[in-house]
Amino acid sequence: MAVKIIVGSTCDVEENIKKDLIVVPLHVTFGDEDFLDSVDITKDEFYERLEKKEEFPMTSQPTPVAFMDVYKEVIDKGDEAVVIVLSSKLSGTYQSAKLAREGLEDKIFIVDSLNVSNAEGALVEYALRLVKEGKSAREIKEILDEAKKRLRLVVLVDTLEYLERGGRISKTSALLGNLFSVKVLLAMKDGAITSVGKAKGIKNANNLFISEIEKTGSIDFDMPIKLGYTGRDGSKIEKYLRETKSLWEDKISSPEFIQIGSVVGTHTGPGALFLSYFSK
């Protein structure tokens, strides 16, 4: 009996990790056009449309039927699965996964990551490590439920425009913020995305970024660490990395940059920097 890892398309990981996962896509809607995330529309195509500013996209969770179909495939092969989904406070994906599991509780184990994007991906990478160690699905769920308490996500947003378009901040705040080059720092708190600070200019923003990380305790370098960016061009975040590399320099090899998907990218817009890690 093998243990499979099932995730939603909000889980942002490197391609070499994604091949070991079963992905249930969310939906992305532009006006009357509905797409299966990362199936009918790529991340580059999504950001190209987002930047055109014609229509603000909507995202929605998979249906219970979408999860049921995947569960059936796993069970028919005699396997069991751990399902890791984005925070239940941000989406109904967890509820869909749970509804689909009815009657299969001894084979399908669901973990509410209380996180999203590459932080969800960090938890998933740890889960795959546990699979290789020979842990059962039940054991993996129990370990992940403890580990996720140490999981952190910090996001430095380059522009306030998309937070305003998504109704997260007022039009006036966005206008003034962009006029004075104000960067916003976001973090996950109890499963929800929260603003934890603002800074004027790149240098001050990076100092704020480092300060927020230091508040949560030191980084556990034995656990997965993931860097991500929104938009179509990852080179833009190099200006941030020059200032923040002291956090991991000489501790790990240069991490691969992950392109962040549509659900979070909708609200941050392009040019945001994501760092996920486990605190000690």
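All heavy atoms count here, side chains included; hydrogens, waters and symmetry mates do not.
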Return yes if some donor-acceptor pair links the side-chain N/O of [X] with the main-chain N/O of [Y] below 3.5 Å, else return no.
| X | Y | answer |
| --- | --- | --- |
| T29 | G31 | no |
| T194 | M188 | no |
| T266 | P57 | no |
| D79 | V3 | no |
| S9 | L26 | yes |
| E80 | I108 | no |
| S117 | A119 | no |
| S96 | P62 | yes |
| E105 | G103 | yes |
| T230 | G265 | no |

NZ/NE/NH1/NH2 to OD/OE distance under 4.0 Å, E51 and R232: yes
Carboxylate-amine/guanidinium contact R49 D44, below 4.0 Å: no
Would a 4.5 Å heavy-atom cut-off, applied to side chains only, mark [X] and [Y] as touching?
| X | Y | value |
| --- | --- | --- |
| N204 | L208 | no |
| L144 | Y126 | yes |
| L86 | N115 | no |
| F274 | L227 | no |
| L186 | V196 | no |
| K226 | E14 | yes |
| L130 | E139 | no |

From [X] [atom1] over to [Y] [atom2], what is the distance, rounded to the nearest 0.5 angstrom?
| X | Y | atom1 | atom2 | answer |
| --- | --- | --- | --- | --- |
| L156 | L275 | CG | CG | 11.0 Å |
| D34 | D40 | CG | CG | 8.0 Å |
| E142 | F109 | CD | CZ | 8.5 Å |
| L151 | L153 | CG | CG | 7.5 Å |
| E133 | L128 | CD | CG | 11.5 Å |
| F257 | L273 | CZ | CG | 8.5 Å |

Can you give me the closest heavy-atom contact between [X] and [Y], atom names plus distance?
| X | Y | result |
| --- | --- | --- |
| P270 | G231 | CB-CA, 3.8 Å |
| S113 | S87 | OG-N, 3.8 Å |
| K280 | I219 | CE-O, 3.6 Å |
| P64 | A100 | O-CB, 3.3 Å |
| Y47 | I260 | OH-O, 2.6 Å |
| D145 | K148 | OD1-NZ, 3.2 Å |

Candidate list L104, I22, V24, D76, test side chain to side chain contact (heavy atoms under 4.5 Å, CB included), partner Y71, passing option: L104
Member of L21, N118, D20 meeting the side chain to side chain contact (heavy atoms under 4.5 Å, CB included) criterion with V13: L21
Side chain to side chain contact (heavy atoms under 4.5 Å, CB included) between M223 and R129, worked out: CA-CA 10 Å; M223 296 289 280; R129 187 186 301 178; 4.2 Å; yes
Distance-only polar pair, side chains of T10 and E120, donor-acceptor under 3.5 Å: yes
Under 3.5 Å side-chain donor-acceptor pair for D37 and S262: yes
Same apolar cluster: [X] and [Y], side chain cutoff 4.5 Å:
| X | Y | answer |
| --- | --- | --- |
| L114 | I84 | no |
| I75 | I110 | yes |
| V23 | I258 | no |
| F46 | V157 | yes |
| V82 | V124 | yes |

Chi angles and distances behind the salt bridge (charged side-chain N to carboxylate O under 4.0 Å, His left out) call for K4, E73: CA-CA 11 Å; K4 302 297 183 181; E73 288 182 18; over 6 Å; no
Candidate pair K89 and D190, rule side chain to side chain contact (heavy atoms under 4.5 Å, CB included), full reasoning: CA-CA 9 Å; K89 295 185 179 181; D190 299 320; 3.9 Å; yes
D12 vs K43, salt bridge (charged side-chain N to carboxylate O under 4.0 Å, His left out): CA-CA, chis, key distance, verdict: CA-CA 11 Å; D12 292 312; K43 291 179 181 180; 3.0 Å; yes
Candidate pair L90 and V116, rule side chain to side chain contact (heavy atoms under 4.5 Å, CB included), full reasoning: CA-CA 9 Å; L90 299 178; V116 71; 4.2 Å; yes
Aromatic ring pairing F30/F35, orientation class (parallel under 30°, perpendicular over 60°, tilted between): perpendicular
Derivation and outcome, salt bridge (charged side-chain N to carboxylate O under 4.0 Å, His left out), residues R152 and E212: CA-CA 10 Å; R152 308 285 181 252; E212 179 62 26; over 6 Å; no
Residues K141, R138; criterion side chain to side chain contact (heavy atoms under 4.5 Å, CB included); working and verdict: CA-CA 5 Å; K141 173 187 164 48; R138 186 184 300 275; 5.9 Å; no
